[in-house]
Structures are given as C-alpha cells and as structure tokens.
Amino acid sequence: MHPDNRYALKNEGQYGKTGMWYVMDVGENAFLYYGFRQEISREEFERRIQEDTLLEVLNAVPVQKGDVLFIESGTIHAIGRDILIAEIQQNSNVTYRVYDYGRIGKDGKKWDLHIGKALAVTNRVPIIRDKSSYPHVADCDYFTVDKLNLDGRVMKRLEGAVSIE
C-alpha cells in the first residue's frame, strides 16, 4: 500500500500515492486484492502478517476487461495472476509491502517488508467501490481519467489542457 502525502512527506521526504487500475485484459478467474473483506483491528492486521494468514481477510475482487479500481492512499492492494492493467497514479515511489507471495530476490533473500510503516497508514475497513463513471472514470486531486469509446469515426473534436501545479 502507499501512504498519504502527510505521512510520506514526514517519514520519506516525498509525496504519498493515490492511483487507479484500469483492467485491460484478464485470464480465467482473474481477481485483484482490494482492501479488506471486513474491518480488522491493527493488532489482527499485524498478527496476520506475522502468521502469513493475511490473504484470508483481504477482499479478492473478480475483475473483467474494462473494470476500474480507484486506490486511495492507505488501501491495501495487489494484482492477481493473468491480469494486464494500466496504472494511473500520483507521482511517487513510496510503497509499503506487507506480503509478497514468498518471492525471493536475485540476492537469494525474501523481499523486504515494511510492516511498521504499513501498520501506521493502512485503512483496515472494507472499501466501497464507486460504480459511477460519468463523465470521469476516476477523478481526484492528482489526476482525472475519462474513458473514450472509439468506434472508428470522429464524432467530436476533443480539446483540453494539461497543467502541472
């Protein structure tokens, strides 16, 4: 997961991250982990990380091509297998990892986890997905995403501006 700006600036010297995933393609039975199935305490969260039972309480969301998940800072999330996503995000490199499928790095060691920092920033309640998508698929302080369905004919000229603040 990623911290919010306040926490990241104080503890990392850079901004936090909010983002979104647009599902471009999926295999059979594809799912993403997105938040928790039910609210859990900080103590249970820490215990499940230590006992390697965290996946039991994560919300496994079945996905199909075209789905969008808005990922606010503090939301635990992970991509399942056989999924191709486009990620739109606030510019940041801060990620706190609490589980990594037991993967081993090139050095032969498990990847580093960031348990203490994750405990401080994780939203441990279920996420309510916003099904609205008009006119924007995602809209926040850091980005706006619109989906255009192109049918091969130019229906209207689109104009816009990008500003960097």
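Model, not experiment: these values are computed from the prediction.
- Under a hydrophobic-cluster definition in which Ile, Leu, Val, Met, Phe, Trp and Tyr are linked whenever side-chain heavy atoms come within less than 4.5 Å, directly or via other members, Ile79 and Ile76 are assigned to different clusters.
- Exactly one of Tyr33, Tyr96, Trp21, Phe70 qualifies for a ring-ring contact (aromatic ring centres under 6.0 Å, His included) with His77. That residue is Trp21.
- No side-chain heavy atom of Ile88 sits less than 4.5 Å from a side-chain heavy atom of Tyr22.
- Note: Asp82 CG to Glu28 CD = 9.5 Å, rounded to the nearest 0.5 Å.
- Residue-environment remark: CD (Gln64) stays at or below the threshold of 12 foreign heavy atoms within 6.0 Å.
- Nearest heavy-atom pair across Ala60 and Pro62 is O-CD, 3.4 Å.
- Cluster annotation: Leu113 and Tyr101 are assigned to the same hydrophobic cluster (Ile/Leu/Val/Met/Phe/Trp/Tyr, side-chain heavy-atom contacts under 4.5 Å, transitive).
- Pro126 and Arg37 make their closest contact through CG-O, 3.6 Å (heavy atoms, listed as atom of the first residue, atom of the second, distance).
- Across Thr75 and Gly35, no two heavy atoms sit closer than the pair CG2-N, 4.2 Å.
- Listed by first and then second residue, the salt bridge (charged side-chain N to carboxylate O under 4.0 Å, His left out) pairs that reach into residues 2-25 are Glu12-Lys117, sequence neighbours excluded.
- Proximity of Ile104 to Lys110: side-chain heavy atoms (C-beta onward) are separated by under 4.5 Å at one or more points.
- Proximity of a side-chain donor or acceptor of His2 to a complementary backbone N or O of Val94 within less than 3.5 Å is detected.
- Put simply, the side chain of Asn59 does not reach to within 4.5 Å of the side chain of Phe31, judged on heavy atoms.
- Scanning all heavy atoms of the two residues, the minimum distance from Ser73 to Thr18 falls at N-OG1, 3.5 Å.
- Contact check for Met1 versus Val121: side-chain heavy atoms found under the 4.5 Å cut-off.
- Closest approach of Gln90 to Asn5, counting heavy atoms only: NE2-OD1, 2.8 Å.
- By the criterion of side-chain heavy atoms lying less than 4.5 angstrom apart, applied directly or through intervening Ile, Leu, Val, Met, Phe, Trp or Tyr residues, Ile85 is not grouped with Val137; the two fall into different hydrophobic clusters.
- Taking every heavy atom of both residues into account, Leu32 and Gly80 meet most closely at CD2-N, 3.9 Å.
- Cluster annotation: Tyr34 and Val23 are assigned to the same hydrophobic cluster (Ile/Leu/Val/Met/Phe/Trp/Tyr, side-chain heavy-atom contacts under 4.5 Å, transitive).
- Although no hydrogens or angles enter the test, the distance criterion places a donor-acceptor pair under 3.5 Å between the side chain of Arg48 and the main chain of Thr53.
- Around CD of Glu44, the count of heavy atoms belonging to other residues, nucleotides or ligands within 6.0 Å exceeds 12.
- A 6.0 Å sphere centred on CZ of Arg81 holds no more than 12 heavy atoms belonging to other residues, nucleotides or ligands.
- Counting heavy atoms from C-beta on, the side chains of Asn123 and Glu72 never come closer than 4.5 Å.
- Glu51 is linked by a salt bridge (Lys or Arg N to Asp or Glu O under 4.0 Å) to Arg47, counting only residues two or more places apart in sequence or in another chain.
- One distance of note links CE of Met24 with NZ of Lys65; it measures 8.0 Å at 0.5 Å rounding.
- In terms of hydrophobic clustering, with Ile, Leu, Val, Met, Phe, Trp and Tyr side chains grouped at heavy-atom distances under 4.5 Å, Phe45 and Ile127 are assigned to different clusters.
- Residue Asn91 qualifies as open at atom CG: its count of foreign heavy atoms under 6.0 Å is 12 or below.
- Atom CD1 of Ile71 and atom CD of Glu87 lie 6.0 Å apart (nearest 0.5 Å).
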